[in-house]
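The figures here come from the full heavy-atom set of this structure, side chains too, leaving out hydrogens, waters and symmetry mates. Lettering of chains follows the sequences in order, A, B, ..., and the numbering in each one begins at 1.
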Number of protein chains: 2
Amino acid sequence: MKPTKDHLVEAAAELLWERGYAATSPAMIQKRSRAGQGSMYHHFSGKADLAATAIRHSAGQLRRATETALGGGTTALERLGAFLDMERTPLAGCRVGRLVQDPDVTADDQLRAPIAEFFTWLHQRIADVLVQGVRAGELRADTDAAAMASLVVAAVEGGYVLARAEQDETAFRRATEAAKSVLAGIEV
Amino acid sequence: MKPTKDHLVEAAAELLWERGYAATSPAMIQKRSRAGQGSMYHHFSGKADLAATAIRHSAGQLRRATETALGGGTTALERLGAFLDMERTPLAGCRVGRLVQDPDVTADDQLRAPIAEFFTWLHQRIADVLVQGVRAGELRADTDAAAMASLVVAAVEGGYVLARAEQDETAFRRATEAAKSVLAGIEV
DNA sequence: GTCTATAGAGTGATAGAC
DNA sequence: GTCTATCACTCTATAGAC
């Protein structure tokens, strides 16, 4: 049996993913986690504190899943393909990326820092794989790793936006498939 | 002197851009537009009605600006470059794309439809420019216009997400510059 | 560690005067 | 067409009993 604190964090993470920060109330989190008001304010100083913990929780989950995808395969292209093909739910949006639109999140360093860290890490990690691919002679020597890494991450995050706008997963897949084609084009 | 109704729509559009739908209250819109509660409920049936009008207003503005960018230039590459280099405020996010994360927006067809229409139009319009480029012999004949259009739009929308996450415009520019490089790579 | 009661502010909307 | 008053409800948080 998990501690109430964990239930609160998981319920908060789910609701932040679904509704964002401003539109998620402590009462909703309590209801979903079956925790009372007293429990929540015992474990956390308030909404922002619980949300900060939930964001770090979500970012950590996504980072570990990403690391697994990028850590498999033998070639750089296989690893990046695995990242682009990670199991995702495009219509739900990105559990981390979706939070950056919320002005209450970007205004609070406690909430924004773990998100910024995640994307800085992700960009660097993908650029690293590209550099390794160049060194291994798999990718063209004139590959701009930083630029290509930006495009790959933007394809995923932008793909989420398009999928939600059209309410169609296909829009997400088109963007990630296009990114894969472009990557295939820099193969030696 | 503009009618109060227009002030309400413009204030609502600004606030939707800054805060999203759920986190924007009628009171905020009234305050910014200097319109009273009575005025708002005289011109609109409620928050959703005003927001729907404001979303159509923003989508129309962005569509016209995009049409101008895509309509200039002589080659397909110049037009797409102009689109990627349109005057934007990356840290503010996309006035249309940012709304799709809001579950209250995606749940209400009145609110989601103009957003979906905008992105469907944008994707088609960019794919058209690519097809024209192929026909004119400027771009490679094996260009997948639909895939490339998805990547271009995703680069912009994803670029916004990255810029807001890192609170740095550079993240946006890296994504759009990368998209331009990829486009340059399909030139004949 | 969890409960209920309560607080002051804000929510979205309606009523009726002017 | 705009104003103020009011409504029932929800928001985030605190207090104090158990």
May I ask you to list the residues of residues 15-35 of chain B, by number, that have any heavy atom positioned under 4.0 Å from an atom of DNA chain D? none
Under 4.0 Å between a side-chain N/O of [X] and OP1 or OP2 of [N], yes or no?
| X | N | result |
| --- | --- | --- |
| H42(B) | dG1(D) | yes |
| S39(B) | dC3(D) | yes |
| T4(B) | dT2(D) | yes |

So, the side chain of K5(B) versus the backbone of F44(B): is there a donor-acceptor pair under 3.5 Å, distance only?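 Checking the backbone N and O of F44(B) against the side chain of K5(B), no donor-acceptor pair under 3.5 Å is found.
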Would you check if the side chain of T143(B) reaches a backbone N or O of R140(B) as a donor-acceptor pair within less than 3.5 Å? yes
Are E177(A) and K180(A) within salt-bridge range, i.e. N to O under 4.0 Å? yes
Please tell me whether V96(B) and W17(B) are part of a single hydrophobic cluster in this structure, the criterion being side-chain heavy atoms less than 4.5 Å apart. no
Using the salt bridge (charged side-chain N to carboxylate O under 4.0 Å, His left out) rule, pick out the option among R32(B), R98(B), R95(B) that qualifies with E18(B).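 With E18(B) as partner, R32(B), R98(B), R95(B) yield a single salt bridge (charged side-chain N to carboxylate O under 4.0 Å, His left out), made by R32(B).
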Within 45° cone and under 6.0 Å: R88(A) NZ/CZ vs F83(A) ring: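 Yes, cation above the ring, under 6.0 Å and within 45°.
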Rounded off to whole Å, could you give me the CE-to-C1' distance for the M40(B) and dT4(D) pair?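 Those two atoms, CE and C1', are 16 Å apart.
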Please report the distance, rounded to the nearest Å, between CG in L50(A) and P in dA13(D).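 From L50(A) CG to dA13(D) P: 10 Å.
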If we ignore angles and hydrogens, is there a donor and acceptor under 3.5 Å between the side chains of D128(A) and Q124(A)? yes
T120(B) and E166(A): side chain donor to acceptor below 3.5 Å: yes
Any protein N or O atoms within reach of nucleotides 14-18 of chain D? Criterion: under 3.5 Å, listing atom names and distances.
none

Where the side chain of K47(B) is concerned, which of dT2(D), dG1(C), dA13(C) is the nearest nucleotide? dA13(C)
